[in-house]
Amino acid sequence: LAVGRHHHHPQLSALAPAWVAGAPVDAFAIGFPQSGSEREESPMKVTHLEASNWRNFKNVGFDVGERLFVVGPNAAGKSNLFDIFRFLADIAGRGGGLASAIDRRGGLKKVRSLFSRNNAGGRLVIDVTLRDGDDSWRYRLSVKGEGKGRNRPVVHEELVMRNGTELLRRPDDRDLTDEALLTQTHLEQIASNQRFRSVADYFDRVQYFHLVPQIIRDPSRAVIAGDDPFGSDFIAQMNATAPRPRDAWLRRMQQALRAAVPGFESLTIETDAAGRPHLVAGYKNWRSTPSRQNEVDFSDGTLRLIGLLWAIIRTPANPGILLLEEPELSLNNAIVRILPSVLAQARRSSDLQIILSTHAPEILDDEGISPDEVLVLRVTDDGSRADLLSSLPEAVDDLGLELAVSDVVDGLIAPTISQVCFGPRGVIGDGRSLRLGRRGGGVGHGDGPGPARKRRPQAPAVRGSSARSSR
C-alpha cells in the first residue's frame, strides 16, 4: 500500500478518492450517503470558541469551520482543547450535569488552570458561538467554587442569546432566593431549556474517538464504565445497533477493509457462550475456507481502522461534532494520506463538523487543507496559546514560498535540542539553540526546521519512507 501520488493501485479504489482510482469525484465505495440535493436548512455548527482558565489554557479563542486540524507539541493541550467540547456534552447529555461533568474530571481544582488566580476572577469560563441556518446563537457559562468551605462548582454566570436577543441570564431572581439552584445549569434541565433546547441537543451529539486497541481487547482495563471513548464497550455498541443498519454498515466497512488490510475477506459480529460479542474477521489463505480471527488477534492498526470507519459511517443525519484524536496512529502511510479526503466526503454527506488532532505530515500536506483550517498550539510562559495558521505572519510568508504545511508547522512548534536536554531556557555552545528537524538529517539551527520542502514534491515516495525514518 506504499502508493505514491502519481501511482494507481486498484485495491485502494474502495477507500481512496478520485485521484487514486480514476472514479467520479467524491464517490467512495464504503457507501457514504450521497446527497442528491442541498439541504433546505444547514444544521447547527460551532463557529467560534473562547475559554478562560481551562486546564493549561489561560485564555484561548479561535474560529471553527467545517474542519479543524489541531497541531502542537506534546503537552501543548490538544486533548485538553478537545475536552472543552466533551465537557459541554457531559453537561447537556442524559444523566449528566455540571456537578457530574466536574467530578468526572477530578474536581474543579483539576479542571481550573493554574493561571486562574490572577485571571477572569478565578472563574472557569466557556463561551461558544453557533450558527443554525440563519440564526446565530451564543452560550456562555462561567463556573466558580462555592464559598463557605464547601467549594462545590456553582454557576457564576449562564447566558444564552439568539440573534442578539437575550433569552437567559443567570443568576436570576430565583437563584438569588435559593442558591442551591446555582449548582445546576439550565442547559442540563429539560424543564428550563425549552427556548434553547436545540443548543443542548447539539452539545449532546458531540462524539469523541480515540480507541485504544489494548482496551478493546481487554475491557476490564477501562477506567470509564459505559460509553467509553477509549473502546471498552465499542464492540458492545456495535452489537447493540439494530441488525439491519448494523449489517449494512459492516458490509460497507468490509469493502474498505479489503482494500486496506492484506488478505482481509469478511467482518462479522458473533456472541460467545457467555453472551459477550466479538468482532470476527476472515482472512484468505492457502485453504479453501478463510481463517478466522477475533479482536484479540487483530493488529492495532486494523482495530483502529475498524473503529474509525464505524465512527464515520454511523454518523447520524443531523450530527454534531466528531472529535478525532490522532487517527493516524498505527495506520499505514497510504491510508493516512487519504484520511482528509475520506473525512471531507463524510462531512459533505452528513454535514458533520470534524475536529482532528494530528502529528502526521501526510494529513497536513493534503492539498485540500487551507491554513485557516489548521490550529497551532504552542506552549508559553503564560499558558498554551492557540492560533490559526492563517493568522501567523511568519507562517503566511513561508506558505507564500510554497513550503509544505507540515514544514511550516514544524518551524513553529518543533523543540530545540537544548530544550529537550536542558529545559526551555537551555542553550548549547555559543548560545544558539539547535532545532530538531523532521527532514534533512534531523537537526538544524534555531532559525528553521532544516531544509525546506516544497508543498508539491515530485517524488512522493520519499515522504513515506526515508522522510519518515529520519523523523
Side-chain angles (χ1 to χ4, degrees), residues 45-93 96 100-102 104-106 110-113 124-130 139 141 143 202-212 215 222-224 227-231 234 304 307-308 311-312 315 319-329 339-340 343 346-347 352-360 363-364 373-379 383-389 409 413:
K45 289 181 172 66
V46 170
T47 59
H48 188 79
L49 174 70
E50 294 185 7
S52 296
N53 297 328
W54 178 265
R55 297 189 183 268
N56 55 328
F57 296 98
K58 181 178 180 180
N59 295 295
V60 63
F62 53 90
D63 292 335
V64 184
E66 307 291 354
R67 302 181 302 175
L68 189 67
F69 298 85
V70 183
V71 298
N74 293 331
K78 296 184 292 295
S79 297
N80 290 340
L81 190 73
F82 278 26
D83 199 39
I84 298 176
F85 297 98
R86 298 175 62 198
F87 178 71
L88 292 170
D90 288 344
I91 293 175
S100 173
I102 293 290
R104 290 182 66 174
R105 289 159 176 79
K110 292 286 187 179
V111 177
R112 193 162 50 189
S113 170
L124 176 66
V125 183
I126 298 175
D127 199 331
V128 187
T129 304
L130 309 99
Y139 180 78
L141 177 64
V143 180
Y202 176 82
F203 289 148
D204 187 30
R205 292 195 297 271
V206 170
Q207 305 172 70
Y208 174 69
F209 172 86
H210 188 41
L211 293 186
V212 178
I215 290 180
V223 296
I224 299 177
D227 197 20
D228 180 14
F230 304 110
F234 165 62
R304 286 185 60 85
L308 179 60
I312 295 173
T315 299
I321 292 178
L322 176 60
L323 306 171
L324 298 175
E325 188 133 29
E326 298 181 19
E328 71 270 12
L329 293 178
L339 277 181
L343 295 175
R347 193 205 62 74
L352 180 67
Q353 196 169 18
I354 297 172
I355 301 179
L356 176 155
S357 68
T358 183
H359 291 285
I363 290 179
L364 294 177
E373 292 182 308
V374 179
L375 186 69
V376 182
L377 304 189
R378 292 177 290 178
V379 179
S384 292
R385 60 175 298 169
D387 301 284
L388 291 175
L389 192 63
V409 169
I413 68 174

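Between Ile91 and Ala101 the shortest heavy-atom distance is CG1-CB, 3.9 Å. For the residue pair Pro327 and Leu356, the shortest heavy atom distance occurs at CG-CD1, 3.6 Å. His210 approaches Phe230 most closely through the heavy-atom pair O-CD2, 3.4 Å. Nearest approach of Thr358 to Val71, heavy atoms of both residues: O-CG1, 3.8 Å. A pairwise comparison of heavy atoms in Ala76 and Val379 identifies CA-CG2, 3.7 Å as the closest pair. When all heavy atoms are compared, the tightest approach of Ile84 to Ala51 is CD1-CB, 3.9 Å.
Residue Glu373 holds its CD atom at 11.0 Å from CG of Leu389, rounded to the nearest 0.5 Å. Considering CG of Leu324 and CG of Leu68, their distance stands at 12.0 Å, rounded to 0.5 Å. We find the OG1-OH distance between Thr129 and Tyr139 to be 13.5 Å, quoted to the nearest 0.5 Å. The structure places CZ of Phe234 at 7.0 Å from CZ of Phe209, a figure rounded to the nearest 0.5 Å. Summarising the geometry, atom CG belonging to Leu352 is positioned 8.5 Å from atom NZ belonging to Lys45; distances are rounded to the nearest 0.5 Å. Note that the CD atom of Gln353 and the CZ atom of Phe85 stand 7.5 Å from one another [nearest 0.5 Å].
Side chain of Ser113 to backbone of Lys58: no donor-acceptor contact under 3.5 angstrom is found. Of the possible donor and acceptor atoms, one in the side chain of Glu328 sits under 3.5 Å from a partner among the backbone N and O of His359. A donor-acceptor contact shorter than 3.5 Å links the side chain of Lys78 to the backbone of Gly72. Although no hydrogens or angles enter the test, the distance criterion places a donor-acceptor pair under 3.5 Å between the side chain of Ser357 and the main chain of Glu326. Looking only at distances, a side-chain donor or acceptor of Arg304 sits under 3.5 Å from a matching main-chain atom of Leu211.
In this structure, the ring-ring contact (aromatic ring centres under 6.0 Å, His included) partners of Phe87, at least two apart in sequence or on a different chain, are Trp54. In this structure, the salt bridge (charged side-chain N to carboxylate O under 4.0 Å, His left out) partners of Arg385, at least two apart in sequence or on a different chain, are Asp387. Listed by chain and number, the residues in a side-chain contact (heavy atoms from CB on, under 4.5 Å) with Val128 are Val46, Leu49, Leu88, Ile126, Leu130, Phe203 (sequence neighbours excluded).
Side-chain contact between Ser384 and Asn56 is present, with at least one heavy-atom pair separated by less than 4.5 Å. Side-chain atoms of Pro340 and Arg67, non-hydrogen and from C-beta on, do get closer than 4.5 Å to each other. Counting only heavy atoms from C-beta outward, the side chains of Phe62 and Leu81 approach each other to under 4.5 Å.
Each of Leu322, Leu323, Ile355, Asp90 was checked for a side-chain contact (heavy atoms from CB on, under 4.5 Å) with Val206, and the lone residue meeting it is Leu323.
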- Before giving the answer on side-chain contact (heavy atoms from CB on, under 4.5 Å), spell out for Arg112 and Val143 the whole-Å C-alpha distance, their side-chain angles and the decisive distance to 0.1 Å. CA-CA 10 Å; Arg112 193 162 50 189; Val143 180; over 6 Å; no
